[in-house]
Structures are given as structure tokens and as C-alpha cells.
Protein chains: 2
Amino acid sequence: MNGKIFRGSLDTIVIKLLTDNKEMYGYEITQKVKELTGGTMNITEGALYPALHKLEGKGILETQTRSIGNRMRKYYSLTKKGKKESVNYMKEMQSFLDQMQFLLNGKNNLA
Amino acid sequence: MNGKIFRGSLDTIVIKLLTDNKEMYGYEITQKVKELTGGTMNITEGALYPALHKLEGKGILETQTRSIGNRMRKYYSLTKKGKKESVNYMKEMQSFLDQMQFLLNGKNNLA
DNA sequence: TAAACATACCTAATTTTCTTAGGTATGTCA
DNA sequence: TGACATACCTAAGAAAATTAGGTATGTTTA
């Protein structure tokens with residue numbers, strides 16, 4: 001993913017998108033993130049596909065492969081477990097965002 | 001660093017602290033972050049020292065070693081180059097925080 | 001109609017950045 | 001004196017990315 005800072009946030013992005021959209025396929029996810037961020041964030045396929053496989057292996061995502069014409073698409077959706085755990089992913093990310101925002105904007109040199 | 005999500009943000013945290021505090025030594029940085037975040041973020045020394053050495057190698061930080069009694073402290077501060085580049089580090093992090101906040105809170109499924 | 005580009009999946013080698021688990025040495029406090 | 005804090009460090013391994021491919025179909029354009 002470009003923007004450089006992301007390491008660790010890809011899983012959370014995927015899970016959030018699948019919370020909002022029920023099911024999505026890999027390529028669709030890359031396009032959606034590009035669209036939502038006005039091109040600022042770009043998920044590379046080399047990062048995304050292994051991440052999807054990992055989340056499936058963990059039982060957080062499940063897949064359903066469908067043929068669209070002559071093309072095949074692998075749709076990902078949250079499992080029951082994934083829906084439960086998504087809350088923790090969001091909380092952890094929000095906590096990080098808050099702490100980081102505080103470190104950047106807080107008046108850190110008052111002492 | 002604990003919290004799991006941070007990968008990539010350590011450099012920015014260090015540079016921000018050195019923007020506010022002129023000069024700090026390694027151990028002081030770990031304590032300061034713990035203090036500022038109420039113990040939520042903990043920078044491990046195994047992550048910090050290599051990061052400091054890397055930033056020094058890049059010409060972003062410079063060091064001055066001082067003896068405090070029989071103890072030695074290695075003080076880090078921003079170089080001229082480091083001060084210039086710090087702006088970009090902050091901008092990039094802020095942009096990430098904004099985008100991420102939007103992805104988490106934005107109404108992503110209106111379409 | 002052939003070339004280029006978009007869609008759609010994937011992997012492997014390498015790099016970056018972290019965790020874990022040490023090591024060394026001095027200072028302080030119970 | 002033994003534990004804990006201060007203060008520096010490194011090395012092995014894991015995790016998650018980048019980079020650079022590969023395969024195949026569908027669409028657009030020169």
C-alpha cells in the first residue's frame with residue numbers, strides 16, 4: 001500500500017469495507033479504496049491477496065467463487081466470528097488514531 | 001511497540017518529540033511516550049535504538065554524547081535537514097490519520 | 001485487427017520494521 | 001545484597017509490506 005505509513009492497517013480496512021458492503025472481491029476492494037480516498041491510498045495486490053488468504057485462514061472471512069460470464073470472481077464476506085471480531089479491530093484502530101492525533105497535536109512540551 | 005498497529009509510525013513519533021523537546025536520549029523517549037499515552041503505547045528498546053541509528057544514518061538526527069556522573073547518555077536532536085523533513089513526516093501522518101478516520105466513520109455504503 | 005489497457009486472480013524474492021530475548025554496566029533503594 | 005531502575009546495545013525471527021513478476025479474459029483504440 002502506498003502512503004508508506006500503513007503497515008498493520010490493511011486488515012482493518014478490509015474488515016471495515018466488508019462490514020459496510022456484505023461481500024466484495026479482491027480487485028473491487030483495491031478500486032473502492034482508491035475511489036474513497038481520491039487516489040491517496042492504493043492497496044497493492046501483492047499486499048491484498050495474501051492478507052485476504054490470511055484472514056480466511058483465521059476464520060474471519062469466507063469466500064464464494066462465482067462465474068461472471070467467462071470470468072471468475074472470488075467474493076469475500078465476514079464470517080460470524082469475523083463480525084464479532086470486527087468490533088475489536090475498529091476499537092484498536094480508533095485508539096491508535098486518537099493516541100497518534102494527541103501526540104501530533106497535543107502540547108507535548110508544557111512540562 | 002505494542003498496540004500492534006503502529007508499524008511505520010515510530011520514526012514520526014520520535015521526530016515529533018524532538019521537534020518539541022530540542023534533544024532527548026533514547027531511554028527518555030521510551031518513558032515520555034509511556035507518560036504521554038498513559039501507558040497505552042510502549043516503545044520497546046529493540047525497536048527504538050535501531051530506528052534512532054537509522055535516522056542518524058539518514059542525516060535526520062545527530063547525536064551528542066554526554067557523561068552524567070559515571071553514566072553516559074546519547075542525546076539525539078534534529079539536524080537542519082531533519083527539521084526540514086519533519087514537516088513531511090507530520091503531513092504524511094496527518095493525511096493517513098484523516099483518511100483512516102474517514103474510512104472508519106465515513107458513510108461508505110451510500111452508493 | 002493488433003496492441004494496449006482494464007479486469008481478475010495469484011505467487012515469490014526481498015525489504016522494512018517490529019517483537020522477543022538476550023547482554024553490559026551503573027545507580028538507587030529496601 | 002538483591003532487586004529494580006536507568007542507559008546503552010544487538011541478534012534471531014516474525015509479520016507485513018513492496019516489487020516484480022505470471023496467467024487469462026474483456027474492452028477499447030490507433
Side-chain angles (χ1 to χ4, degrees), chain A residues 1-15 17 23-35 39-58 60-61 63-76 89 92-93 96 100, chain B residues 1-15 17 23-35 39-58 60-61 63-76 89 92-93 96 100:
Chain A
M1 192 186 307
N2 74 1
K4 271 184 267 168
I5 291 178
F6 298 86
R7 297 181 167 262
S9 59
L10 179 54
D11 291 2
T12 304
I13 293 173
V14 167
I15 289 169
L17 287 178
E23 62 170 21
M24 298 179 85
Y25 53 98
Y27 187 76
E28 187 184 11
I29 292 176
T30 67
Q31 300 308 302
K32 191 70 178 174
V33 170
K34 202 180 289 182
E35 177 203 324
T40 305
M41 282 189 194
N42 274 295
I43 295 177
T44 61
E45 299 190 343
L48 180 64
Y49 288 114
L52 288 172
H53 302 159
K54 185 194 65 185
L55 290 172
E56 189 182 8
K58 280 186 176 180
I60 291 181
L61 300 184
T63 58
Q64 205 194 339
T65 301
R66 274 188 236 136
S67 290
I68 308 294
N70 217 335
R71 260 289 192 25
M72 156 198 139
R73 279 185 193 161
K74 204 165 159 187
Y75 283 88
Y76 286 86
Y89 277 86
E92 236 184 294
M93 177 57 77
F96 168 69
M100 203 64 196
Chain B
M1 193 186 306
N2 72 3
K4 273 183 272 171
I5 292 178
F6 299 88
R7 297 185 164 257
S9 58
L10 179 54
D11 292 1
T12 305
I13 291 174
V14 167
I15 289 169
L17 288 178
E23 62 169 21
M24 298 180 84
Y25 54 98
Y27 186 77
E28 188 184 10
I29 292 176
T30 67
Q31 299 309 303
K32 192 72 178 174
V33 170
K34 203 179 290 182
E35 177 203 323
T40 305
M41 282 190 194
N42 273 295
I43 296 177
T44 62
E45 299 190 342
L48 179 63
Y49 288 114
L52 288 172
H53 301 160
K54 185 195 67 186
L55 289 171
E56 188 182 8
K58 279 186 176 181
I60 290 182
L61 300 184
T63 59
Q64 205 193 338
T65 301
R66 275 187 235 138
S67 290
I68 309 294
N70 216 335
R71 263 285 194 28
M72 158 198 138
R73 279 186 193 158
K74 206 164 158 186
Y75 283 90
Y76 286 85
Y89 277 87
E92 238 184 290
M93 178 57 77
F96 168 69
M100 203 64 197

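Atom set for the values below is all heavy atoms of this structure, side chains included, hydrogens, waters and symmetry mates excluded. Each chain gets a letter, A, B and so on, in the order the sequences are listed, and its residues count up from 1.
With sequence neighbours left out, B:T65 forms a side-chain contact (heavy atoms from CB on, under 4.5 Å) with B:M72, B:K74. Partners of B:E28 according to the salt bridge (Lys or Arg N to Asp or Glu O under 4.0 Å) rule, which considers only residues two or more places apart in sequence or in another chain, do not exist here. In this structure B:Y25 satisfies the ring pair (Phe, Tyr, Trp, His ring centres under 6.0 Å) test together with B:Y75, sequence neighbours excluded. Remark: A:Q64 pairs with A:R66 by the side chain to side chain donor-acceptor pair (under 3.5 Å) rule, at least two apart or across chains.
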Review item, side-chain donor-acceptor pairs of residues 50-57 of chain B, under 3.5 Å, at least two apart:
from  : atom 1 : to    : atom 2 : distance (Å)
B:H53 : ND1    : B:Y49 : O      : 3.3
B:K54 : NZ     : B:D11 : OD1    : 3.3
B:K54 : NZ     : B:D11 : OD2    : 2.6
B:E56 : OE2    : B:T63 : OG1    : 3.1

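In this structure, OG on A:S9 lies 4.0 Å from CZ on B:F96, to the nearest 0.5 angstrom.
One atom, CG of B:N70, and another, P of C:dT24, lie 18 Å apart when rounded to the nearest Å. Rounded to whole Å, the distance from CG on B:N42 to C1' on C:dT20 is 15 Å. Between the CG atom of B:L48 and the C1' atom of C:dT17 there is a distance of 13 Å, rounded to whole Å. Separating the CD1 atom of A:I13 from the P atom of D:dA16 is a distance of 14 Å, rounded to the nearest angstrom.
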Completion exercise
In 5'-to-3' order, the base (B), backbone-only (S) or no-contact (-) status of each nucleotide in nucleotides 5-13 of chain D, using a 4.0 angstrom heavy-atom cut-off, is BBSBBB---
